[in-house]
Amino acid sequence: MKRLIVFIVVACLAVTACGCGGKNTIVKDGNKKTQIAAATYSDTKNTEYVICAQNGSLKLSFCPATTHFCIENTKDGSLWYSSPQDLSGETASKLVQMKMQASLIIDYTDTAAKKTGNINTYTGSVRSGDYSIELIDNGVRFIYHLSEIDAYIPFEVYLENGELVTKIDTDSIDITKDNLKITDISVAPYLLRGKAADNGYLFLADGSGALIRFKEGVRSTAVYSRPIYGSEPTETDSDDYLSTDEETVHMPVWGAAVNGSAVVAIGDSGEALGTLNAAACGQISSYANVYTSYRLLSSVMYNLGNYETEIYDKTEKSAGVISTRYIFLSGDAADYNGMADAYRSFLIKKHGLKESNYNKGAYLDIYGAAVKTVSVMGVPHKKAVSLTSYSQIKEMLSALRGDGIESITVRLRSWNNNELFGKKVTSVSPCGSVISKKELLSFNNDKNTRLYPAIMNVQTYSGGTYLGHMAGAAYSITGLPYSWHNYSLSTLNDSGKTYYRITLGKFDKIFSKLLGSSDKAGFERLAFGDIASSLYCDFAGAGYRRTDSADIMANALEKAEKQTDSLMLDSANAYAVPYADIIYSVPVCHSGQDILDDSVPFYSAVLSGIAECVASPMNDTNSGDRAELYAAAFGTGICYSWIYEKADTLLGTELSGITSVNYASSYAAVLEKLLRFKELAEKTEGRHIVKYSRISENLSVTEYSGGVAVYVNFGTDSVTLNDGAVLEGESFAVKTGKAE
């Protein structure tokens, strides 16, 4: 990566000498014209790198002949080029090598001819000299003319607050060719890269956080490609799908650590449109690389008999600005721990967050009721069957307190009448057989128990009339209300219900009704599920993109946070994080794709001290005790799901997939685990994670501020720590003092 480059300082005289002068460039955008003030750089045959900005410890330069750009981190002397500078020994195909030289890769479609294509800025613009360069404040703007599709794409690269920013304003993209649409843009795909000979890895915020290490050999597995904030449901080609709990990309963050230096990239704008992509050494080229591509135009394959066609969205709302912020790390900070700290600082600064929330006590998921089909005089109808009543909840809590668990946090699920029967949730009306409003409010004054009434499905509903769905449901690209059927994970049987998502145009109104009902009832705490973790497009009317959906969900959560004393969220994506006091279902592993080498606690390290982080229920996972070990290593609390009634009560309900949840039969085992994690929480409370590392294959250490370290032995054999203490197999221990 380090290669000698010649810097030419761009001052006023140098600007004049090489043909630069003040100019207002007009970039057409359909019927609009946007005036962009800039100084044109005309010497595009210059093959030397030209310094165009210096900010903090960073120097930004560009090569006029190739439009490659380079960032020098003066703290450690590392050089990061947007593209490889020497491909003489590259074994990748010539087509791939062309893409490696490009700052942008573009997918496009001719919606009339039903043809798609792929082009990049190197072969489509730079190689033919069909581009222009403008100097802007602290950086440079490249305007690529892709003659094949007759499109002008401005791409800005500049320094700001000691960080690098890349930016595409999609409103400034000018396409004059009829019916031609850009579907995807990949930005700086080879800026963050490394070879097998390099020491380091790629980082991806996949699940808890994941690494792809630089090493020899061609990988036979698939390359990595996952949507940021989860898949887009309205782009599925079937109305039926099997829902899973596979880990996703909750934070728009990726990076690379190479030979003692590192860069972390943060999706700063437009990230909800992004797909995180990565390849290991030897898969596509000799380089491992990671980057994000952005979906500007949604589509779906539609089958009608033997006829198949691709339908594209006609959303009038713009994709807006796509920007990425790159933070350069040196010394001890040049690893995934430093990346977590950088993103943590980014969130604190952007949202004004403060450290105050630390894991404590026991966490429980208690289910109140389930809906069953029963027969009355031969006529089937739906009925809510109690799983855990108010008095039974009190009995559970009393037993735990008697056994040493004083502080208890409960997420009460399946208690709301609207949600139980699949209706739009517009009120906090409880299921009478489970709990009353008065009983729910009694927990407001319980100093030892924080009970959060949870509404997991605010976005979705079932039932209703055809006309009701036409007016109130989100639309798919096909021009019809989007619908689907859930399947049971245990039986694979259809649930029998058709589900819809609330149209985004009416979501705020419906959610405001729910908050109004909660406020009137006097609820001090609330928990939410899908609005913190799920986005969807809505193609009704002018349409809503995923970026609009993220804004709508964030605004809803901001209102909820202001109204309540405390808010609990499930699997929170980055846009939801600022509003949470407690986050359940925090990932403690990556998604499991073969290309990923290691899981690291990025998600929990970022939020350590900002929000209480709690792993998914331990008795609702296939990982068993190993899930508890990862929770200890990754700094999360543990949670258990409970119902008071026997487990066979769940048969024939939508909860039939959860197991080992009976309170009486699991109490002793659960208590033992809760007591161990209570001790862990007491010793780490008031401290945030500063470093995680693997001492050996089976031994990890998580270091907290203030000199506390948690050692976890994932192996079955005991190990001896440096202080002489023996750590038994599949166990953890808390130590004070600097980890060794």
Side-chain angles (χ1 to χ4, degrees), residues 1-3 5 49 60-63 65-73 78-107 118-127 131 140 142 144 153 155-157 164-168 184-198 200-204 212-215 218-219 223-225 253-259 261-265 267 274-294 322 324-326 328 595:
M1 182 166 297
K2 294 186 178 181
R3 179 189 172 196
I5 59 178
Y49 275 79
L60 173 63
S61 60
F62 68 94
C63 177
T66 62
T67 72
H68 295 168
F69 56 92
C70 174
I71 308 91
E72 179 187 7
N73 182 357
S78 61
L79 302 174
W80 297 79
Y81 291 89
S82 60
S83 294
Q85 298 299 285
D86 183 5
L87 293 176
S88 58
E90 181 56 54
T91 57
S93 69
K94 292 298 182 184
L95 177 61
V96 170
Q97 291 186 43
M98 295 295 182
K99 291 182 178 180
M100 294 170 73
Q101 296 297 296
S103 294
L104 306 175
I105 299 174
I106 294 96
D107 293 328
N118 176 277
I119 195 171
N120 65 74
T121 53
Y122 180 74
T123 57
S125 177
V126 174
R127 199 164 61 165
Y131 64 96
V140 61
F142 305 110
Y144 298 107
I153 304 179
F155 176 53
E156 295 182 6
V157 184
L164 174 73
V165 179
T166 60
K167 175 182 171 183
I168 299 173
D184 299 85
I185 296 181
S186 299
V187 179
Y190 280 87
L191 174 59
L192 302 185
R193 66 185 188 276
K195 281 197 169 187
D198 292 319
Y201 47 79
L202 303 177
F203 167 78
L204 300 82
I212 300 174
R213 298 194 179 276
F214 303 145
K215 51 189 177 182
V218 176
R219 304 288 186 94
V223 297
Y224 182 96
S225 182
V253 185
W254 60 102
V258 187
N259 299 330
S261 300
V263 180
V264 59
T275 294
L276 186 58
N277 304 285
C281 297
Q283 283 192 295
I284 296 177
S285 73
S286 62
Y287 289 94
N289 66 308
V290 60
Y291 65 97
T292 293
S293 57
Y294 297 87
I322 294 168
T324 304
R325 190 168 295 273
Y326 298 84
F328 291 74
I595 190 176

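Sequence positions, counted from 1, serve as the residue numbers for this chain.
- Atom-to-atom distance recorded for M100:CE and S93:OG is 9.5 Å, nearest 0.5 angstrom.
- To the nearest 0.5 Å, the span separating OG on S125 from CD1 on I119 amounts to 8.5 Å.
- V290 has its side chain within reach of L276: a pair of non-hydrogen atoms, C-beta onward, lies under 4.5 Å apart.
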Next item on the list: I would like to know whether T67 and Y144 meet side-chain hydrogen bond (donor to acceptor under 3.5 Å, both in side chains); could you show each step before the answer?
Entry: CA-CA 10 Å; T67 72; Y144 298 107; 2.9 Å; yes
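- Counting all heavy atoms, side chain and backbone alike, L202 lies closest to A279 at CD1-O, 3.7 Å.
- Counting heavy atoms from C-beta outward, S285 and Y190 have side chains that approach closer than 4.5 Å.
- Between F69 and F142, the ring-plane angle classifies as parallel under the 30° and 60° cut-offs.
- A distance of 9.0 Å separates CH2 of W80 from CZ of R193, quoted to the nearest 0.5 Å.
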Notebook entry, point to check: Could you walk me through whether E90 and S286 pass the side-chain hydrogen bond (donor to acceptor under 3.5 Å, both in side chains) check?
Noted result: CA-CA 7 Å; E90 181 56 54; S286 62; 2.6 Å; yes
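- Looking at I153 and L104, their side chains come closer than 4.5 Å, going by heavy atoms from C-beta outward.
- In this structure the side chain of I105 reaches within 4.5 angstrom of the side chain of P189, judged on heavy atoms.
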Next item on the list: Determine, step by step, whether I595 and Q283 satisfy the side chain to side chain contact (heavy atoms under 4.5 Å, CB included) criterion, reporting the C-alpha distance in whole Å, the side-chain angles of both residues, the deciding distance to 0.1 Å, and the verdict.
Entry: CA-CA 10 Å; I595 190 176; Q283 283 192 295; 3.1 Å; yes
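- The CH2 atom of W254 lies 14.0 Å from the CD1 atom of I212; values are rounded to the nearest 0.5 Å.
- Of the inter-residue distances, the one linking L60 atom CG with E72 atom CD reads 11.0 Å to the nearest 0.5 angstrom.
- In this structure, F214 and K195 approach most closely via the heavy-atom pair CB-O, 3.3 Å.
- Counting only heavy atoms from C-beta outward, the side chains of I284 and K99 never approach each other to under 4.5 Å.
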Margin query: What verdict does the side chain to side chain contact (heavy atoms under 4.5 Å, CB included) test give for V223 and N277, after you've listed the backbone C-alpha separation in whole Å, the side-chain angles of each residue and the deciding distance to 0.1 Å?
Written below: CA-CA 8 Å; V223 297; N277 304 285; over 6 Å; no
Next item on the list: Show the numbers, then the answer: is there a side chain to side chain contact (heavy atoms under 4.5 Å, CB included) between Q101 and V126?
Entry: CA-CA 10 Å; Q101 296 297 296; V126 174; over 6 Å; no
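- Formation of a donor-acceptor pair under 3.5 Å by the T121 side chain with backbone atoms of S103 is found in this model.
- Residues A262 and A257 approach most closely at CB-CA, 3.9 Å, considering heavy atoms.
- For A188 against Y326, the heavy-atom pair with the smallest separation is CB-OH, 4.1 Å.
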Margin query: S78 vs F328, test: side chain to side chain contact (heavy atoms under 4.5 Å, CB included). Steps then yes/no.
Written below: CA-CA 10 Å; S78 61; F328 291 74; 5.6 Å; no
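- With sequence neighbours excluded, the residues that form a ring pair (Phe, Tyr, Trp, His ring centres under 6.0 Å) with F203 are F602.
- The distance from the CG atom of L192 to the CG atom of N289 is 9.0 Å, given to the nearest 0.5 Å.
- The minimum heavy-atom distance linking C281 with K215 is given by the pair CB-O, 3.4 Å.
- Inspection of the Q85 and Y49 side chains reveals an N or O donor paired with an N or O acceptor under 3.5 Å.
- No side-chain donor-acceptor contact under 3.5 Å links D198 to the backbone of V258.
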Check: Does the side-chain hydrogen bond (donor to acceptor under 3.5 Å, both in side chains) test come out yes or no for S293 and D184, once each step is laid out?
Finding: CA-CA 7 Å; S293 57; D184 299 85; 5.2 Å; no
